[in-house]
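What follows is a short report on a single structure.
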Amino acid sequence: LYLLQYPLRPSWRPYDLEQLKTIRMKKPLHKMEMDFRINTKGENYNKEWKDKAEGKDDTFTLESTRMQPKTKYAIGVLNADGFHLTS
């Protein structure tokens, strides 16, 4: 189970998961990377950037950072066997 938070991304502007290209798990480093396609047809796309960014493809990467817990979370699952809780 992974809890992903994007503290600098407003909740009203989520990432478009349909543009998700690949996910890489780096288990020994406890890291995850997600590559998203850039919407090159959108009104906010800078077509001049592509000319300056030689060798770059039209993707951007989000990389995780492992944080020390600063609060207490608990995860629970309710099924026919009962309620299972972990923190």
Side-chain angles (χ1 to χ4, degrees):
L1 177 65
Y2 293 92
L3 173 64
L4 303 176
Q5 295 178 313
Y6 307 100
L8 301 178
R9 186 79 173 186
S11 61
W12 53 267
R13 196 171 163 229
Y15 288 105
D16 183 0
L17 294 180
E18 291 182 11
Q19 298 298 321
L20 184 59
K21 186 176 176 182
T22 56
I23 297 175
R24 290 181 298 284
M25 300 297 293
K26 297 181 177 183
K27 289 186 179 184
L29 300 174
H30 301 284
K31 288 198 174 255
M32 180 171 65
E33 294 179 346
M34 299 187 298
D35 293 333
F36 285 85
R37 289 179 201 86
I38 295 173
N39 180 4
T40 58
K41 297 180 180 16
E43 64 183 56
N44 296 321
Y45 180 71
N46 182 355
K47 293 174 180 60
E48 294 174 14
W49 174 85
K50 182 66 174 176
D51 297 334
K52 294 178 185 175
E54 294 178 25
K56 299 277 185 176
D57 58 1
D58 291 329
T59 62
F60 67 94
T61 302
L62 296 178
E63 182 179 308
S64 68
T65 302
R66 188 171 183 184
M67 303 293 294
Q68 292 299 321
K70 294 182 181 178
T71 185
K72 299 289 182 185
Y73 284 100
I75 304 294
V77 176
L78 180 63
N79 59 25
D81 296 331
F83 183 64
H84 304 276
L85 187 65
T86 186
S87 61

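Values below: all heavy atoms of this structure, side chains included; hydrogens, waters and symmetry mates excluded.
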Those residues at least two apart in sequence (or on a different chain) that pass ring-ring contact (aromatic ring centres under 6.0 Å, His included) with F60 are F36
At what distance, to the nearest 0.5 angstrom, does CG of N39 lie from CD of Q19? 6.0 Å
May I have all residue pairs that pass salt bridge (Lys or Arg N to Asp or Glu O under 4.0 Å) and include part of residues 13-22, sequence neighbours excluded? K21-D57
Going by atom types only, do D35 and T59 share a side-chain donor-acceptor pair under 3.5 Å? no
Do L29 and M34 sit in the same hydrophobic cluster, where Ile, Leu, Val, Met, Phe, Trp and Tyr count as joined when their side-chain heavy atoms come under 4.5 Å apart? no
Please report the shortest heavy-atom distance between S11 and P14, naming the atom on each side. O-CD, 3.8 Å
Would you check if M32 and I23 make a side-chain contact, meaning some heavy-atom pair closer than 4.5 Å? yes
Are any non-hydrogen side-chain atoms of Y15 and L20 less than 4.5 angstrom apart? no
Just so I know, are the side chains of T61 and R24 near enough to count as touching, which here means a heavy-atom distance under 4.5 Å? yes
